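Here's the structure we're looking at; comments come further down.
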Number of protein chains: 4
Amino acid sequence: MNPVLDFSSGVPIYRQIMDQVKYLVVSGHLKPGDRIDSIRELSVKLKVNPTTVMKAYTELTREGVIFQRRGQGCFICDSVSRFSDAERLRIIDEKARALVVEAMHLGFSEDEIIEQVKQVTAKINRGE
Amino acid sequence: MNPVLDFSSGVPIYRQIMDQVKYLVVSGHLKPGDRIDSIRELSVKLKVNPTTVMKAYTELTREGVIFQRRGQGCFICDSVSRFSDAERLRIIDEKARALVVEAMHLGFSEDEIIEQVKQVTAKINRGE
Amino acid sequence: MNPVLDFSSGVPIYRQIMDQVKYLVVSGHLKPGDRIDSIRELSVKLKVNPTTVMKAYTELTREGVIFQRRGQGCFICDSVSRFSDAERLRIIDEKARALVVEAMHLGFSEDEIIEQVKQVTAKINRGE
Amino acid sequence: MNPVLDFSSGVPIYRQIMDQVKYLVVSGHLKPGDRIDSIRELSVKLKVNPTTVMKAYTELTREGVIFQRRGQGCFICDSVSRFSDAERLRIIDEKARALVVEAMHLGFSEDEIIEQVKQVTAKINRGE
DNA sequence: GTGGTCTAGACCACT
DNA sequence: GTGGTCTAGACCACG
């Protein structure tokens with residue numbers, strides 16, 4: 001795992017770590033049962049404080065993405081979404097709306113937005 | 001203007017106000033030259049601190065969405081994006097990636113994501 | 001709010017704070033909407049680090065006991081349990097089993113255990 | 001002895017082993033003088049580190065639940081509680097309070113809590 | 001003023 | 001070695 005951090009983006013470090021792990025899961029780089037970097041390992045790699053990594057891992061545990069075992073390490077959960085269908089739809093509707101509003105405001109057309117979504121999906125599926 | 005705020009979403013209040021104004025613009029409810037609520041009016045409506053509304057308006061001004069005219073109020077700008085093409089693309093790529101990662105993590109397929117984007121776009125175009 | 005901490009009990013400080021808040025809620029000392037001590041206030045009172053109090057409050061937020069509003073403070077939620085009936089039963093069955101096993105091991109009879117439960121309940125209802 | 005472990009409960013593994021042994025004693029499955037699994041046997045069964053089982057057994061020895069005889073194995077003690085009456089009461093009061101606070105927080109009434117305690121006691125006495 | 005993030009460094013419990 | 005808790009102190013974003 002070699003996350004790239006942007007310290008000047010305003011997005012909290014722990015958030016960026018969470019997103020990276022989630023991304024590695026959906027892109028297939030990490031599979032259920034896989035062990036991920038220990039808190040200490042990752043904190044050294046990223047040159048951030050161990051507590052920052054821990055916060056990311058704790059949140060991921062709360063979200064059901066990983067589980068932590070004292071003395072053993074952290075592992076990817078079986079990827080079963082904990083949300084109901086209605087909730088999943090609500091979340092995704094909100095995110096899609098945010099994207100579309102921002103994009104339209106920047107002058108993109110519907111087709112351009114969809115094209116962008118397709119490109120991003122393709123990249124992820126290729127593991128980029 | 002009657003924004004609905006979610007105090008427990010983690011999204012800053014001033015951000016939610018900004019998003020609402022942007023949304024009203026792209027959905028056609030607000031057009032260039034239209035006057036929007038004054039800081040005082042909106043802060044009363046929303047029951048939030050006037051400084052919070054001010055921050056939202058200041059940011060919107062900076063982004064070129066509205067302009068403030070001393071003693072007269074705030075108005076919607078002509079919708080000319082201030083960003084370069086490269087920057088517009090970067091912004092939208094980032095937002096699209098966030099959407100897709102989150103959606104895939106929730107188990108949605110590419111087609112389902114695109115369908116969602118289309119539905120949202122349609123809603124906005126209908127002014128919902 | 002004047003929680004009493006036992007620094008030598010082995011129970012984490014943040015856990016003790018959580019229990020105290022929960023206790024104040026069930027005993028009626030704190031009602032939905034009530035503002036509780038700010039992180040800083042409580043950390044001064046208890047002479048513990050603010051981050052320790054924050055951890056307690058963050059967990060309580062996660063459990064739906066309180067909600068936090070930046071710039072305003074922390075408040076008691078409407079006390080609606082977030083768990084399903086089955087889950088509530090599972091939790092309480094587990095806790096009851098732990099109590100009974102421990103008590104029987106110490107040589108208490110069923111009646112003595114129930115008597116103890118009644119006494120504790122009475123104390124709590126009297127606000128002790 | 002076939003303890004079931006929950007690796008994700010937050011309760012230390014060695015604690016869960018201790019609880020299981022105690023439970024088997026109060027439920028009558030294990031009687032004074034009975035030999036229990038050796039450290040090695042149990043560590044294999046449970047797929048945990050032998051040192052973890054050892055810690056559980058050491059603690060149980062300290063509490064007077066079992067005794068270890070060099071080269072022969074571990075055996076259940078005559079069930080004489082080592083604690084003073086005051087201490088026994090303190091322990092059970094604390095556990096009862098934890099149960100009641102948690103239960104009330106989940107919306108259970110006093111009667112429901114007592115009913116639950118009775119059911120659990122009955123189950124244990126039936127050896128479940 | 002509030003909560004939120006992060007650091008540097010310590011100590012403990014568990015495996 | 002692992003994760004878990006806690007401290008002291010800093011800085012930021014928000015209302």
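All values derive from a computational prediction rather than experimental measurement. Residue numbers start from 1 in every chain, and the chains themselves are labelled A, B, ... in the order their sequence lines are given, proteins ahead of strands.
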| task | Could you state the atom-to-atom distance from CZ of F7(C) to C1' of dC12(E) in whole Å? | result |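 Going from F7(C) (CZ) to dC12(E) (C1'), I get 16 Å.
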
| message | Can you measure M18(D) atom CE to dT15(E) atom P for me and round it to whole angstrom units? | response |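 Between P of dT15(E) and CE of M18(D): 13 Å.
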
| Leading and trailing nucleotides of DNA chain F with any atom under 4.0 Å from heavy atoms of chain C |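 The contacted stretch runs from dT5(F) to dG15(F).
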
| task | Name the nucleic acid region contacted by Y14(C), choosing base, sugar-phosphate or nothing; use a 4.0 angstrom heavy-atom cut-off, strictly under. | result |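 Y14(C): backbone/sugar contact only, no base atoms under 4.0 Å.
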
| request: Please tell me which of I13(D) and E41(C) maps to the more 5' nucleotide of DNA chain E, matching each residue to the nucleotide holding its nearest heavy atom. | output: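 The answer here is E41(C).
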
| said: If you assign each of R40(A) and M54(C) to its closest nucleotide in DNA chain E, which residue comes earlier from the 5' end? | reply: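 It is M54(C), whose closest nucleotide lies nearer the 5' terminus.
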
Which residues pass the side chain to side chain donor-acceptor pair (under 3.5 Å) test with [X], not counting sequence neighbours?
X: Q20(A); result: none
X: N2(A); result: none
X: Q68(D); result: T61(D)
X: S27(D); result: H29(D)

| task | If a pair satisfies salt bridge (Lys or Arg N to Asp or Glu O under 4.0 Å) and one of its residues is in residues 91-101 of chain A, list it, with sequence neighbours excluded. | result |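 Checked against salt bridge (Lys or Arg N to Asp or Glu O under 4.0 Å) - neighbours excluded - the pairs reaching residues 91-101 of chain A are R90(A)-E94(A), D93(A)-K123(B).
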
| said: Going by salt bridge (Lys or Arg N to Asp or Glu O under 4.0 Å), name the pairs with one or both residues in residues 9-19 of chain B, residues two or more places apart or in two chains. | reply: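 Listed once each, the pairs are R15(B)-D19(B).
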
| field | Proximity to DNA chain E (any heavy atom under 4.0 Å), residues of residues 45-52 of chain B only | value |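 Residues of residues 45-52 of chain B under 4.0 Å from DNA chain E: none.
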
Counting only pairs under 3.5 Å, give me each side-chain donor-acceptor contact of residues 49-56 of chain B, with atom names and distances, residues two or more places apart or in other chains.
unit_1 : atom_1 : unit_2 : atom_2 : d
N49(B) : OD1    : T51(B) : N      : 3.1
N49(B) : OD1    : T51(B) : OG1    : 2.9
T52(B) : OG1    : N49(B) : O      : 3.4

| F7(B): what forms a ring-ring contact (aromatic ring centres under 6.0 Å, His included) with it, not counting sequence neighbours? |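 F7(B): no ring-ring contact (aromatic ring centres under 6.0 Å, His included) contacts found.
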
| task | Find out whether V65(D) and H105(C) are in side-chain contact, i.e. whether some heavy atom of one side chain is under 4.5 Å from a heavy atom of the other. | result |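 Contact flag for V65(D)/H105(C) side chains = yes.
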
| message | Within the 4.5 Å heavy-atom criterion, are I17(A) and L46(A) side-chain neighbours or not? | response |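 Answer yes - side chains close enough.
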
| query | Starting at the 5' end of DNA chain F, which residue's closest nucleotide do you reach first, Q72(C) or G73(A)? | reply |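 Whichever sits nearer the 5' end wins; that is G73(A).
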
| Nearest nucleotide by nearest heavy atom, which residue falls closer to the 5' end of DNA chain F, D37(A) or R15(C)? |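 Checking each residue's closest nucleotide, the 5'-ward one belongs to D37(A).
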
| request: Toss me the dot-bracket line for DNA chain E: Watson-Crick and G-U wobble, both under 3.5 Å, 5' to 3', using | for pairs to another strand and [ ] for crossers. | output: ||||||||||||||.

| said: According to side-chain contact (heavy atoms from CB on, under 4.5 Å), who are the partners of F67(C), at least two apart in sequence or on a separate chain? | reply: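 Result, side-chain contact (heavy atoms from CB on, under 4.5 Å) vs F67(C): R69(C), F75(C), C77(C).
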
